[in-house]
Amino acid sequence: MTAQEPERTVKTTCPYCGVGCGVLATVKQDGSVSIAGDPDHPANFGRLCSKGSALGETLSLDDRLFQPEVGGRETSWETALDLVAEKFTDAIREHGPDSVAFYVSGQILTEDYYVANKLMKGFIGSANIDTNSRLCMASSVAGHRRAFGSDTVPGTYEDLESSDLLVLVGSNLAWCHPVLFQRVEAARAANPNMRVVVIDPRETATCALADLHLALKPDTDVALFNGLLAFLAESDTLDHGYIAAHTNGFRQALEAAGPCEINRIAEETGLSPAVLATFYTMVARTEKTVTVYSQGVNQSVVGTDKVNAIINTHLATGRIGRPGMGPFSATGQPNAMGGREVGGLANMLAAHMALENPDHRALVQSFWKSPEIADKAGLKAVDLFRAVGEGKIKALWIMATNPVDSLPDADAVAAALKTCPFVVVSDVTRAADTVAYADVLLPSAAWGEKDGTVTNSERRISRQRGFLDLPGEARPDWWQLSQVGQRMGFAEAFAYSGPDAIFREHAALSGFENKGRRDFDIGRLKDLSQEAFDALDPIQWPQAQGEAPAAETRFFAKGGFFTHDGKAAFIAVRQGAVRKTERRYPFVLNTGRIRDQWHTMTRTGKTGRLLSHIAEPYVELHPEDARRAGIAAADLVDVTSPHGSALVRAQISERAQPGSVFVPIHWTDQVSSRARIDTVVAPETDPVSGQPGSKFTPVALKKRVFAWHGFAVLQEKPDQLECDYWAIAPTRGGWRVEMAGADDRDHVAFAARYLTSDVDLLRFEDPGKGLLRIAGWKDATFKGAFFFGPDPVAVSRPWACGLLTEQIATETRFKVLAGGPPVGSPDKGAIVCSCFQVGVNEIQAAIGGGAATVQAVGTCLKAGTNCGSCRSEIQSLLDASSKDIADDAKIAQAG
Ligand SMILES: Nc1nc2c(c(=O)[nH]1)N[C@H]1C(S)=C(S)[C@@H](COP(=O)(O)OP(=O)(O)OC[C@H]3O[C@@H](n4cnc5c(=O)[nH]c(N)nc54)[C@H](O)[C@@H]3O)O[C@H]1N2
Ligand SMILES: Nc1nc2c(c(=O)[nH]1)N[C@H]1C(S)=C(S)[C@@H](COP(=O)(O)OP(=O)(O)OC[C@H]3O[C@@H](n4cnc5c(=O)[nH]c(N)nc54)[C@H](O)[C@@H]3O)O[C@H]1N2
Ligand code: SF4
Ligand SMILES: [Mo]
């Protein structure tokens, strides 16, 4: 942008989670971008979480791809696209259409997704297109389709707010859907009758809002909800009218659930009979109940059954599609829903139509005027990569996802890609693990550059709008796909002028011969002009053609399911035997997310602010288990299954359930020596949905003994870190590095190498304790410091990181070697509030000083007063401190 251009603000949508918050992006005259929540967007009304508000800090072009590459060499789009079209065409000619595949993502836009699906299913004639939504939403999709006949989310965000009982199952809403969580928080503050129940094996940040936390044994949700169904029947809280008029199969489902024997259910779920009775009674008594579920439900080998066990309880009580009631699947990615709308999964057809339905196939084919239409389901993600490994897939195009990090048995996925004859990867960055496996690398347009639509969890379509120029030769994903389609001989079908043209076609298909027979209908938008598309305000579907904008945006209050007889199906589900751990692998590995990182960190990992909260891969485990395994806090631990192993830091916490350990999914080979946790996760899938059970793998834990441990802050990014363990993160003014090694080495030489040549080194050594600290200056500039010792290094991280931005006078240089702040200026402790960099010690001090509420802590320290994402953690600290006081009182009484 030139200096003359005025500041301008563009309305767009956050590229992270499925809440789908509206964002105002303002491009300043100096080219920098400031980010604010869009007060008019009905998902967030101006709020943004920590990740959303840090978007402006992640737009740098470091590591961006600017030019197509073939075999590692830069080339032109012409050459790259010709080659892709040729290789796909050759494979199809020689080995048939099922010898090629696309693996795409809930992070591409609806328009990109539409083109990918059309090309594969209608023109290549295979259904071998699957997406990372298989790892994410497949069980919800399957559960919805089994029950409703369509993949319909019946409710809206407002229902969560207007409920009197909100049940969160396998959802860490506080960290994973933070703005929706804040809406719930506000609703609860306004409604003293509202209750929140969290069902999760571990105590998460979300529990800060919970009246009741059910820490059930992993994968026992079906037993819990079957028990609830039986309880509802036995306590006479069924809606017999609804069941009779709008459903089938109730008797069989109830039979499968069995009687409500609280003791048996307690045994199965590991919950106490009293807690179960409390929960069941709450649900029975509360008509306005919403059950939100996410990956603790979906990512299971019984995920689809879990979904239906939940839906059964809503159908049985008629609590569906009315304000404040219903089952609600919280979607993960920004466009998980858009992907489902275009039929991006291998077993779906476009516009929520069914691949197995010949009428639907004929309808789509005639609309596309396509030579083919896939007539059988394609390979689902895990099977797809297995087929790649078996040599059955000759050409594969991966777009906007990192399968070598995110699929289970990830090393096998990497090995498969290595053997695949032709792999195309479309990404925005070079710093993604999958990029290394590409024969052809295509530079995609990133958020802020690309244009199109996404659909959030409540079926609301919002525009993502570009506000930055395309860097280098980067091009949008829809364009890449259309160009290849044209080159494969389908010039007319893929001659799109822009995303608006694709959207019109997508909208038209949704309305095509629909007449209310299919849930997904946005036919009313099929003639949007480019200007109208550009100006499109967030809009919730259905939006049927010829009708006024729908006033009722919920589904199923009065039945009207998309099954052959219009009735919903109860699904008879049974709690099967839960997979057993074994002597060699005695712990259950659970995996998931942390507050400030997004998946494989290719974007959120760019800003130190988002890494100040948690900067290192870790395993959370219960103190009893730690004792059992001989692991102390901050030890480095190998987490191992028969599939692979990861090396992470031990975090010992009562919040873990004994027998279960939790490792976050975010760390890749780009940022740590060996922390790709999906190398450990078993590739076992739900038989109905094909979704992997990413929350349950039997593992062993073993402390790794190292000769030395180290921590460093460095002004310049170190190249290859040669040590057994390392994890690196940006921080303001430089980088922070955790290290450990089994070798005996010259630490001074090692440190000097990373502090660059001709620096002045300052050293402090305590041979008795085995401590060595080294700091380096080049002239007046602090280049960094290393802290070595025989044990995990106890140096205050926020203090050490602060050195990189501090002015350090020559005569005070020695203080760098102290390892912590001077007496009188206390260590802030681990950062809780990433916006204002407020640490846990500061918050505890404020609480000790009398701050008794989250608000009071905010007034005192500002913590939690900007994006609010840390408020649940502050609440937990408050709860812990009042528990301490209560414990003290108990001890005093006992004494
Ligand atoms: N900060 C952040 N937010 C994100 C993302 C991110 O990467 N970072 N990703 C987005 C995406 S794509 C998704 S899919 C969502 C996921 O959002 P969530 O599903 O809320 O997140 P997870 O941490 O994967 O898992 C949720 C919880 O399931 C629990 N769980 C494990 N096993 C069981 C079980 O057997 N039963 C029950 N009831 N619970 C169980 C776990 O302990 C965990 O706390 O988050 C979205 N939002
Ligand atoms: N063990 C375990 N594994 C899991 C999960 C779990 O809970 N546990 N969760 C699963 C779930 S729910 C999900 S959603 C997946 C997520 O896993 P992935 O999809 O593998 O993770 P991302 O980091 O989001 O990958 C997105 C990639 O797309 C690139 N990208 C960003 N924008 C664009 C764009 O506009 N165009 C293109 N072409 N590329 C772009 C990014 O740089 C990045 O490399 O992980 C799954 N894996
Ligand atoms: S809650 Fe946060 S990550 Fe999710 S869409 Fe809103 S701002 Fe983005
Ligand atoms: Mo996801």
Side-chain angles (χ1 to χ4, degrees), residues 13-23 35 37 41 43-44 47-55 63-65 103-109 112 131-138 173 176-183 294-296 298-299 331-334 336 381 398-408 410 425-435 442-450 452 454 456-457 464 474 476-477 480 589-593 597-605 663-666 668 670 676-682 691-695 697 867 869:
T13 311
C14 176
Y16 299 127
C17 84
V19 178
C21 296
V23 168
I35 296 292
H41 197 290
N44 58 319
R47 296 182 180 91
L48 290 178
C49 75
S50 49
K51 295 180 298 301
S53 40
L55 273 166
D63 297 323
R64 272 299 292 274
L65 294 166
Y103 184 60
V104 300
S105 160
Q107 291 167 76
I108 56 176
L109 304 175
D112 305 320
T131 131
N132 62 1
S133 278
R134 181 69 59 196
L135 319 176
C136 181
M137 302 315 304
L173 205 73
C176 296
H177 300 90
V179 166
L180 189 54
F181 181 79
Q182 288 184 21
R183 285 179 59 169
S294 191
Q295 299 314 343
N298 294 341
Q299 283 173 343
T331 57
Q333 299 176 92
I398 298 168
M399 182 173 272
T401 177
N402 247 316
V404 304
D405 296 325
S406 54
L407 272 167
V425 173
S426 294
D427 204 302
V428 300
T429 178
R430 187 177 296 288
D433 287 345
T434 306
V435 162
L442 301 177
S444 294
W447 183 81
E449 299 153 9
K450 58 184 186 175
V454 290
N456 73 4
S457 296
Q464 264 195 27
D477 295 307
Q480 302 173 18
L589 170 67
N590 172 11
T591 56
R593 292 154 172 79
Q597 288 307 321
W598 177 262
H599 298 165
T600 67
M601 289 193 189
T602 59
R603 290 166 287 164
T604 45
V663 177
I665 59 174
H666 308 289
T668 66
Q670 308 288 320
R676 284 163 54 230
I677 197 61
D678 265 303
T679 62
V680 182
V681 175
Q691 178 156 355
S694 321
K695 304 273 188 258
T697 301
C867 80
S869 294

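Order of listing sets the numbers, starting from 1, for every ligand and every atom in it.
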Counting heavy atoms only, which part of [X] comes closer than 4.0 Å to ligand 2: side chain, backbone, both or neither?
{"X": "Pro692", "result": "neither"}
{"X": "Thr600", "result": "both"}
{"X": "Thr401", "result": "both"}
{"X": "Leu135", "result": "both"}
{"X": "Ala400", "result": "both"}
{"X": "Ala432", "result": "side chain"}
{"X": "Ile665", "result": "side chain"}

Under 3.5 Å side-chain donor-acceptor pair for [X] and [Y]:
{"X": "Ser406", "Y": "Asp678", "value": "no"}
{"X": "Ser444", "Y": "Gln480", "value": "yes"}
{"X": "Asp63", "Y": "Thr429", "value": "no"}

Within the distance-only criterion (no hydrogens, no angle test), does the side chain of [X] pair as donor or acceptor with the backbone N or O of [Y] below 3.5 angstrom?
{"X": "Asn298", "Y": "Cys136", "value": "yes"}
{"X": "Thr604", "Y": "Trp598", "value": "yes"}
{"X": "Gln299", "Y": "Lys695", "value": "no"}
{"X": "Ser53", "Y": "Leu48", "value": "no"}

Does some non-hydrogen atom of [X] fall short of 4.0 Å from ligand 2?
{"X": "Trp447", "result": "no"}
{"X": "Ser133", "result": "no"}
{"X": "Asn132", "result": "yes"}
{"X": "Met137", "result": "no"}

Give, for atom [atom1] of [X] and atom [atom2] of [Y], the distance between the pair rounded to the nearest 0.5 Å.
{"X": "Ser105", "Y": "Ile398", "atom1": "OG", "atom2": "CD1", "result": "11.5 Å"}
{"X": "Tyr103", "Y": "Leu407", "atom1": "OH", "atom2": "CG", "result": "4.0 Å"}
{"X": "Arg47", "Y": "Asn44", "atom1": "CZ", "atom2": "CG", "result": "8.5 Å"}
{"X": "Glu449", "Y": "Arg64", "atom1": "CD", "atom2": "CZ", "result": "4.0 Å"}
{"X": "Ile677", "Y": "Leu589", "atom1": "CD1", "atom2": "CG", "result": "5.0 Å"}
{"X": "Asp433", "Y": "Thr668", "atom1": "CG", "atom2": "OG1", "result": "4.5 Å"}

Nearest-neighbour protein heavy atom for [atom], which is reported as residue plus atom name and distance:
{"atom": "atom 4 (Fe) of ligand 3", "answer": "Cys17 SG, 2.3 Å"}
{"atom": "atom 36 (N) of ligand 2", "answer": "Asp477 OD2, 2.8 Å"}
{"atom": "atom 29 (C) of ligand 2", "answer": "Asp427 OD1, 3.1 Å"}
{"atom": "atom 11 (C) of ligand 2", "answer": "Arg593 NH2, 3.2 Å"}
{"atom": "atom 21 (O) of ligand 2", "answer": "His599 CB, 3.4 Å"}
{"atom": "atom 8 (Fe) of ligand 3", "answer": "Cys14 SG, 2.3 Å"}
{"atom": "atom 41 (C) of ligand 2", "answer": "Thr602 OG1, 3.3 Å"}
{"atom": "atom 2 (Fe) of ligand 3", "answer": "Cys49 SG, 2.3 Å"}
{"atom": "atom 6 (Fe) of ligand 3", "answer": "Cys21 SG, 2.3 Å"}

Geometric N/O contact [X] with ligand 2, under 3.5 angstrom:
{"X": "Leu407", "value": "no"}
{"X": "Gln299", "value": "yes"}
{"X": "Thr429", "value": "no"}
{"X": "Gln295", "value": "no"}
{"X": "Lys450", "value": "yes"}

Please report the closest heavy-atom contact between [X] and [Y], naming both atoms and the distance.
{"X": "Asp405", "Y": "Arg676", "result": "OD1-NE, 3.2 Å"}
{"X": "Gly18", "Y": "Asn456", "result": "O-CB, 3.1 Å"}
{"X": "Ala336", "Y": "Ser133", "result": "CA-OG, 4.2 Å"}

Is there a side-chain contact between [X] and [Y], using heavy atoms and a 4.5 Å cut-off?
{"X": "Leu55", "Y": "Tyr16", "result": "yes"}
{"X": "Asn402", "Y": "His599", "result": "no"}
{"X": "Gln597", "Y": "Arg603", "result": "no"}
{"X": "Lys51", "Y": "Cys17", "result": "no"}
{"X": "Pro15", "Y": "Gln464", "result": "yes"}

Inset, instruction - Mark the output for Leu48 as yes if a heavy-atom distance to ligand 3 is under 4.0 Å, and as no if none is. - result: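 A heavy atom of Leu48 does come that close to ligand 3.
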Option set [options], criterion heavy-atom distance to [atom], minimum:
{"atom": "atom 47 (N) of ligand 2", "options": "Pro476, Ser406, Gly452, Pro403", "value": "Ser406"}
{"atom": "atom 24 (O) of ligand 2", "options": "Gln333, Gln670, Glu449, Gln107", "value": "Gln107"}
{"atom": "atom 3 (N) of ligand 2", "options": "Thr591, Leu442, Asp678, Val681", "value": "Asp678"}
{"atom": "atom 33 (C) of ligand 2", "options": "Ile677, Val428, Thr331", "value": "Val428"}

At a 4.0 Å threshold, what atoms of ligand 3 neighbour a non-hydrogen atom of [X]?
{"X": "Lys51", "value": "3 (S)"}
{"X": "Val179", "value": "1 (S), 6 (Fe)"}
{"X": "Gly20", "value": "5 (S)"}
{"X": "Gly52", "value": "7 (S)"}
{"X": "Tyr16", "value": "3 (S)"}

For [X], atoms of ligand 2 separated by under 4.0 Å from a heavy atom:
{"X": "Lys695", "result": "7 (O)"}
{"X": "Ser426", "result": "37 (C), 38 (N), 39 (N)"}
{"X": "Ala445", "result": "34 (C), 35 (O)"}

